Structures are given as structure tokens and as C-alpha cells.
Amino acid sequence: MKYYAPKGLYDIKPEDMPYWHAVEREVRSTMPLYGYEEIRTPIMEKTEVFARGVGEETDVVSKEMYTFEDKGGRSMTLRPENTASVVRAYLEHKFYGKEELSKWYYLGPMFRYESPQKGRSRQFHQYGAEAIGSSDPSLDAEMISLSTDLLRSLGLEEVGLTLNSIGCPEDRNNYVNQLVEYLEPEKDRLCNDCRARLDTNPLRILDCKEESCQKVVENGPEITDYLCSECQDHFDTVKGYLNQLGLDYQLDPKLVRGLDYYTKTVFEVFSSDLGAQDALVGGGRYDGLVELFGGDPTPAVGFAGGIERLVLLLEELERVEMKKNGLDIYLATLDEETKQTGMELVQELRNGGIRAEIDYLDKSLQGQLGYADRYGAEITAILGPRELTEGEITLRDMETGDQTTVSLDEFRSEITNRLDSES
RNA sequence: AGGAGCGUAGCUCAAAGGCAGAGCACUGGGUUGUGGUCCCAGUUGUUGCGGGUUCGAUUCCCGUCGCUCCUCCCA
């Protein structure tokens, strides 16, 4: 084979579509229930939008960006996530002057340049929501409840929710200082990556999978002990709302997440039925991001979920009904003359909202009936020279095999009646 | 970036140095104009690509491309 899709990019084939449609349908119907409106931002931005917004030291920016130069010599990047773009759009269109609270959702492709594996590709798809303009803990709880509600609506009950608060920047500074102070003497027991992180991004050491690092971190300080009273209150209130909503969660003081912009609440939803890439949803509060982009200090919270991973689960659990093509009627013809009339009849049916097909492969009548059967036609209409000269057409019920003959004039109404009574 | 596994018919897979096969699918026939079950027959290949060893390579070796999974990190 000479041509294939670039590494990490792949085709979503017609046979996969029912799953994608199920997810998209659910997102589009659930988001408005919570008051979120759709926003669509471009799939690429100037590189600095992500570099600044997401954070230079993050993995996403430092090694996973799909970056290239356009013809004007500008550095462009295919969006690795959507929050930075949404905040950029929020400020660009001055929404802070138009509405007190902006609640938006999105759905679309994201790009990260890394080795593909199960549940991870270079182009992948996310749905997500952002609420900009309120620091109220109820909004944090709403985000979490929205993200799990969506999964539940799709039939996924077996998901875990982990929760943490990483406080405000001051808390985090205090904590990071303590953490570095604690880790410095233990440096030798850390992996190479983590020794580097000690200088660049010490928080990331917390979720290093290396066993030795885990051991070191285990007895170290925990961020939740360094929250200021406001952040502590906020966190407690969020937990209170979650309890009120009956949402089970697991506190994980080591959950820090990979993007720099998070403050206070962070959460992840995961499934143990996935492979190594088990995170379904990730999100949190980002009270400093709008300001970082040059706006007034504006609190915000959001989440994003991966559609590929969701589709993987739905396929495994067979939660989505797979319908074959959905053909109402197949029109079999036997020669050129009947095909000409047949084309006209099929067109007429389609104009009337009936899914109809005719032979495109010059098949025998036997072959045509087989095709009609495989594609799930309820009725096959047979138009041969015999019928044509009589001004009639034969209707075969594909389930019972019963056949009747009707005049061509009655054809449309007879078909409509039959399809109505069967459905 | 690193590690492991895999590339044979449209699909799922056999052949472990000696004629490249089976099932499914497809086409035709049994049925002069009738599907699903059944029976009979037929079509289908640069064995990913390039080189090497050999009388002989799908098989062994080297390289290369691709895919998959994993480490890291995340959706």
C-alpha cells in the first residue's frame, strides 16, 4: 500500500460512526441542560497562546505540541487542548462586558505530537465545558457532576472520580518550597526525570510512576496541609456539594495535573476498563488564566473528556445499538428499460422521505434480493418487463416472503402505508 | 525518545526450508424472474519492501517501512 494516514492520525470509519454519534448527541443534549452554549474556536492558534496559557514547563508544551511555521513565518500550533483558546476568545470578544458568567461547551479535534498507543492518538477528540466568571464552589461541583452525568447517560457506571485541591498560587508556592526542602536530601533516590523536575516543576514528582519516587513522596508533605483558609473553605464546600449530590469521590493529595493554569479544585475521572491510558475526563479551576492573558482577574473552571477513550469503552460494553444502514426499500430492476422507470420511482420515494436503493452493480435478481437482505430492506419492489407492461410493480415483504402486485399509481401510497404500520 | 510484538487473499488466520492453504465474503449454478438455510462449482496473492544465506526462503539472517502494545505524560 502506497498511501496511508500519517502516524497517529486515523480515519473514523462509517462502521464506527454510531458510537461517535452517540457521544456527540449526548454532549449536545446534556450541556444545554446545565446552561452551556457551544463555542467553536479555530483548531490552531499562534504558538504563544498555548505556550503561555498552558505553561512552558508542562509536557504538553515542552514536547507534545504540533507546531509549524506558516507562509508568513509565524509559529502556529494545532491546539493540544481547548481551554487556552476559549479564554483567548473570551477576551478577544470582550465577553466580560457582555455577560456576567460565560458557560460554554465545545467538541472537536485536538492534536498532540507523541507516540500513539491504545486510547491515544496525535489527533484525538475532546468535548468539554468552561465556565468563566464565578469562583463559587457550586460551579466546581457542577462541572464534576456534569462530567459524570454525561458518562452515566452513555451507560458508563463503573468510573472512578478522584479529587484534590492545589490551592491558590501562594499556597502552592509555600507547599512547593516545603516539598523541595523535603526532597532535596532524598535526591539520590529519585529517578533522572524527577531530579530535573526538582528545578523545573517539582509538583510533577508527585505523580511520577517510578516506584522509588513514589516511596520518597509517600512520606513527604501534602498540599492539602498547606491550603489557606479561603482555599480550605472552598474545597470543603465543593466536597459538601458533591456529598449533597450523592457523588462518590476519592481524595488524592497527589493529583496535581499536568497543566500550569490550575488552581484550587482539580479532578479526574477514570475507568479501569481502559488500558494504560485510563483517564476519561480531567478538569479543574483556573482562576489565574484570564489574568495571565491580560484580562482582569476572572475566576473560571472547566473540564475536558476524551472521545476516543469513551468510544473504546462503548465498543467494549456494546452500549450502542449498531444499526445496519437502515434501508426501507430496495427496488430490483431487470433490464435497462425497467431501470429507467426504477430510477424515477426511487427518486420519488426519497423525495417522500423513504430510504430507497436500486441496483448499481448489474446484479441478477437473485443477487439483488441478496443485497436487499444484507442491507436490511423491509420491502423489495420488483419491477420487471412483465410488471412494466401491465403498469404494475411487485412488492415482496422481506420478512415473510409474501408478494403482492400493485399498480404503479398506488406504489408510493402503498409503500408509505406499509412502512408506517410496521414501525 | 526507548522497549516488546506483529506484517501471508477483501476479512480472520494456517503453512516452521520443498507445489501458498482454510474459513468467511464475493460470483455462477441447483431455481429460464425471487434473499436468508442447504448443496455444487469458480474468482482472489509482488507472503509489507530491499538485500543476504541456500539447489530451493512465507519460513533463517541483516536492513528498511508500517502497524500494535508498553514506559513517560495525559483526554
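The structure displayed is predicted, hence computed values, not measured ones. Residue numbers start from 1 in every chain, and the chains themselves are labelled A, B, ... in the order their sequence lines are given, proteins ahead of strands.
- For the pair A:K363 NZ and B:rG35 P, the computed distance is 13 Å after rounding to whole Å.
- Counting non-hydrogen atoms under 4.0 angstrom, A:G128 reaches nothing in the nucleic acid.
- The interatomic distance linking A:D260 (CG) with B:rC74 (P) rounds to 11 Å, in whole Å.
- Taking atom OH on A:Y10 and atom P on B:rC69, their separation rounds to 11 Å, with Å as the unit.
- Applying the 90° criterion around 0 to the glycosidic angle, B:rA16 comes out syn.
- The shortest distance between the side-chain N/O atoms of A:K7 and the OP1/OP2 oxygens of B:rC67 is below 4.0 Å.
- Here the separation of B:rG5 from B:rU37, taken at their C1' atoms, is 41 Å to the nearest Å.
- Residue contacts shown for A:G401 include a base, since a base heavy atom lies under 4.0 Å away.
- Within the 4.0 angstrom heavy-atom criterion, no nucleotide atom of any strand lies near A:Q123.
- Computed from coordinates, the A:L395 CG to B:rU34 P distance equals 18 Å when rounded to whole Å.
- Residue A:R386 places a side-chain atom within donor-acceptor reach of the base of B:rG33, judged by atom type and a 3.5 Å distance cut-off alone.
- Sequence order on RNA chain B of the closest nucleotides to A:D373 and A:G282 puts A:D373 first from the 5' end.
- Comparing A:P116 and A:Y262 by the nucleotide of RNA chain B whose heavy atom lies nearest to each, the residue mapping closer to the 5' end is A:P116.
- For B:rG2, the paired base is B:rC70 (Watson-Crick or G-U wobble, both distances below 3.5 Å).
- B:rA57 and B:rA14: their P atoms are spaced 23 Å apart (whole Å).
- A salt bridge between A:R88 and A:E92 is present, with a side-chain N of the basic residue lying under 4.0 Å from a carboxylate O of the acidic one.
- In this structure, A:R122 does not reach the B:rC74 phosphate: none of its side-chain N or O atoms is under 4.0 Å from OP1 or OP2.
- Rounded to a whole angstrom, the distance from the P atom of B:rG7 to that of B:rA15 is 11 Å.
- Across every non-hydrogen atom of A:A332 and A:L365, the tightest pair is CB-CD1, 3.8 Å.
- Across all strands shown, A:V281 has heavy atoms under 4.0 Å from sugar-phosphate atoms exclusively, and none from any base.
- Of all nucleotides listed (B:rC70, B:rC73, B:rA75), B:rA75 comes nearest to the side chain of A:E268.
- Applying the Watson-Crick and G-U wobble criteria (two distances, each under 3.5 Å), B:rA41 pairs with B:rU27.
- Nucleotide B:rG63 forms a Watson-Crick or G-U wobble pair with B:rC49, both donor-acceptor distances falling under 3.5 Å.
- Taking atom P in both B:rC65 and B:rA75, one finds a spacing of 32 Å when rounded to whole Å.
- Note on A:L280: only backbone sugar-phosphate atoms sit closer than 4.0 angstrom, heavy atoms only; bases stay farther off.
- Taking 4.0 angstrom as the limit, A:Q366 places none of its side-chain polar atoms (N or O) nearer than this to OP1 or OP2 of B:rU34.
- With B:rU71, B:rU34, B:rC26 as the candidates, the nucleotide lying closest to the side chain of A:L365 is B:rU34.
- One interatomic measurement links the two molecules: CZ of A:R112 to P of B:rA75, which rounds to 5 Å at whole-angstrom precision.
- A donor-acceptor contact under 3.5 Å links the side chain of A:E114 to the base of B:rA75.
- A distance of about 32 Å separates the C1' atoms of B:rU71 and B:rG50, rounded to the whole Å.
- Comparing the same atom, P, in B:rG2 and in B:rU58 gives a spacing of 32 Å after rounding to whole Å.
- Base contact: A:A276 has a heavy atom under 4.0 Å from a base atom.
- When the shell of 6.0 Å around CD of A:Q117 is examined, it contains more than 12 heavy atoms from other residues, nucleotides or ligands.
- One finds no side-chain N or O of A:S115 lying less than 4.0 angstrom from the OP1 or OP2 phosphate oxygen of B:rG2.
- For A:R189 and A:E186, the salt-bridge test passes: some basic side-chain N is under 4.0 Å from an acidic carboxylate O.
- Two rings, from A:Y286 and A:Y261, have their centers less than 6.0 Å apart.
- Atom CD in A:Q277 sits roughly 11 Å away from atom C1' in B:rC69 (whole-Å rounding).
- OP1 or OP2 of B:rA75 lies within a sub-4.0 Å distance of a side-chain N or O belonging to A:R257.
- On the C1' atoms, B:rA4 is 48 Å away from B:rC40, given to the nearest whole Å.
- No donor-acceptor contact under 3.5 Å links the side chain of A:Q368 to the base of B:rU34.
- Here B:rU32 sits opposite no nucleotide as a Watson-Crick or G-U wobble pair (both hydrogen-bonding atom distances under 3.5 Å).
- Residue-level contact check: A:D278 touches the bases, meaning some heavy atom is under 4.0 Å from a base atom.
- The base of B:rC72 sits within donor-acceptor range of the side chain of A:Q117, with an N or O pair under 3.5 Å.
- Using a 4.0 Å cut-off between a side-chain N of Lys or Arg and a carboxylate O of Asp or Glu, A:D11 and A:K13 do not qualify as a salt bridge.
- One finds a salt bridge joining A:E142 and A:K103 here, because a Lys/Arg side-chain nitrogen approaches an Asp/Glu carboxylate oxygen to under 4.0 Å.
- A 3.5 Å limit on both hydrogen-bonding distances identifies B:rA22 as the Watson-Crick or G-U partner of B:rU12.
- Using a 4.0 Å heavy-atom cutoff across all strands shown, A:Q403 reaches at least one base atom of the nucleic acid.
- Looking only at side-chain heavy atoms (C-beta outward), A:T405 and A:I393 stay at 4.5 Å or farther from each other.
- For the C1' atom pair drawn from B:rU64 and B:rC6, the interatomic distance equals 16 Å after rounding to whole Å.
- For A:R396 against B:rG35, a side-chain-to-base donor-acceptor contact under 3.5 Å is present.
- Rounded to whole angstrom, the span from the OH atom of A:Y375 across to the P atom of B:rG36 amounts to 16 Å.
- Put simply, A:F124 rests on the base of B:rA75: the two rings are less than 5.5 Å apart at their centres and nearly parallel, under 30°.
- A donor and an acceptor atom never sit less than 3.5 Å apart when one is taken from the side chain of A:E64 and the other from the base of B:rC74.
- When the side-chain nitrogen and oxygen atoms of A:R120 are compared with OP1 and OP2 of B:rC72, none of them lie within a distance under 4.0 Å.
- Atom CG of A:L369 and atom P of B:rU27 are 13 Å apart (whole Å).
- A salt bridge links A:E184 with A:K187: at least one charged nitrogen is closer than 4.0 Å to a carboxylate oxygen.
- A salt bridge links A:E414 with A:R418: at least one charged nitrogen is closer than 4.0 Å to a carboxylate oxygen.
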